[in-house]
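Starting from 1, each residue takes its place in the sequence as its number.
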Amino acid sequence: MITEDTNDEDVSLFDAEEDAGKKSKKTIKHPVASFFHLFFRVSAIIIYLLCEFFSRSFIACMVAIILLLSCDFWTVKNITGRLMVGLRWWNQVDDDGRSHWVFESRKGTGKQQGSDSESRIFWLGLIICPILWVIFAFSTLFSFKIKWVPVVIMGVVLQGANLYGYVRCKVGGKTSLKNMATNYFGRQFLKQVTSVLSETPNICVIYQFSTKS
């Protein structure tokens, strides 16, 4: 059984980040986090677009893109969202074996907040890149580049999962989200991320075998 928890209260994870100063509107307080928030996802897109220039090996390009997408998913989910915009989401299993999706947002003026510049960087990168992967998915289908389909699906799933999770964190405390159908499909979408990541080695083996044969 899967349930959801939306917590708008402060959590201990953010307690160590208290800052008595006022929020800076323009200064980027977390330059490293801001850099890696864009680095992995932009690098994956660049390699996808310029694969033929980097290497003639499709397997090498595919593995590089999937690794970058996986690193991006972990970084955005666990680090940059918490530091740059004060949001986080995750899944936990209780003692009864029930799975809970938890969406949290940091509240209060006494906590260290990311700047407006960081917030724009975070949301622009979070929204634009999944849209590009959706465009790539349609282009691969229309151009009959079937070998790229698993790669673009991986991009849509991993980056779309982070987008959905953080949108839920952002609006979860302000609305009840009564559309149960949307919530159900959203939860199923997040559940598929783990299974897709676990099947990544199998995809590489299948393509390597097909290439040799």
Side-chain angles (χ1 to χ4, degrees), residues 2 4 32-51 54 58-85 87-93 99-104 121-141 145-172 182-208:
I2 298 177
E4 292 185 27
V32 177
S34 300
F35 172 78
F36 282 104
H37 177 71
L38 298 176
F39 174 75
F40 292 119
R41 54 183 51 209
V42 172
S43 298
I45 292 175
I46 291 175
I47 293 178
Y48 174 80
L49 293 174
L50 304 178
C51 178
F54 287 113
F58 168 74
I59 297 298
C61 292
M62 183 188 70
V63 171
I65 294 173
I66 292 177
L67 288 177
L68 288 170
L69 290 172
S70 301
C71 292
D72 171 76
F73 175 79
W74 185 90
T75 302
V76 174
K77 178 180 178 294
N78 296 295
I79 299 178
T80 62
R82 176 175 61 88
L83 294 178
M84 298 175 68
V85 291
L87 304 174
R88 64 175 184 172
W89 64 273
W90 76 96
N91 176 267
Q92 65 181 15
V93 180
S99 179
H100 299 263
W101 289 106
V102 184
F103 305 91
E104 291 186 331
I121 292 173
F122 179 85
W123 289 109
L124 285 176
L126 194 70
I127 295 172
I128 293 176
C129 291
I131 293 176
L132 292 177
W133 284 109
V134 171
I135 295 174
F136 295 157
F138 282 106
S139 66
T140 54
L141 293 176
K145 296 180 180 179
I146 305 301
K147 66 179 182 180
W148 285 105
V149 171
V151 178
V152 295
I153 290 178
M154 179 77 74
V156 172
V157 170
L158 293 183
Q159 298 198 353
N162 264 327
L163 177 60
Y164 174 81
Y166 281 116
V167 169
R168 286 300 312 273
C169 291
K170 187 70 173 177
V171 305
T182 301
N183 290 342
Y184 172 78
F185 288 113
R187 292 195 299 269
Q188 297 302 315
F189 181 69
L190 291 176
K191 285 176 61 179
Q192 296 302 318
V193 174
T194 303
S195 61
V196 169
L197 287 174
S198 63
E199 294 175 358
T200 298
N202 295 332
I203 294 175
C204 298
V205 171
I206 292 173
Y207 269 98
Q208 187 174 6

Please round to the nearest 0.5 Å and tell me the distance separating atom [atom1] of [X] and atom [atom2] of [Y].
X: C169; Y: R82; atom1: SG; atom2: CZ; result: 13.5 Å
X: L68; Y: R41; atom1: CG; atom2: CZ; result: 11.5 Å
X: Y164; Y: F103; atom1: OH; atom2: CZ; result: 5.5 Å
X: L87; Y: T80; atom1: CG; atom2: OG1; result: 10.0 Å
X: L83; Y: N78; atom1: CG; atom2: CG; result: 11.0 Å
X: F122; Y: I127; atom1: CZ; atom2: CD1; result: 9.5 Å

Can you name the closest pair of heavy atoms from [X] and [Y] and give their distance?
X: L38; Y: I121; answer: CD1-CG2, 3.8 Å
X: V152; Y: A137; answer: CG2-CA, 3.8 Å
X: A64; Y: I47; answer: CB-CD1, 4.4 Å
X: A44; Y: I65; answer: O-CG1, 4.0 Å
X: K77; Y: W90; answer: NZ-CB, 3.8 Å
X: P130; Y: G125; answer: CD-O, 4.1 Å

Kindly indicate whether the side chain of [X], heavy atoms from C-beta on, has any atom under 4.5 Å from the side chain of [Y].
X: Y166; Y: V76; value: yes
X: F40; Y: F73; value: no
X: L158; Y: D72; value: no

Under a 3.5 Å distance rule, please check whether Y48 uses its side chain to pair with a backbone N or O of C61 as donor and acceptor. no
Only residue of K170, R168, R88 satisfying salt bridge (charged side-chain N to carboxylate O under 4.0 Å, His left out) with E104 is R88
Passes side-chain contact (heavy atoms from CB on, under 4.5 Å), W74 versus I79? Steps please. CA-CA 8 Å; W74 185 90; I79 299 178; 3.4 Å; yes
Angle between ring planes, F136 versus W133, binned at 30° and 60°: parallel, tilted or perpendicular? perpendicular
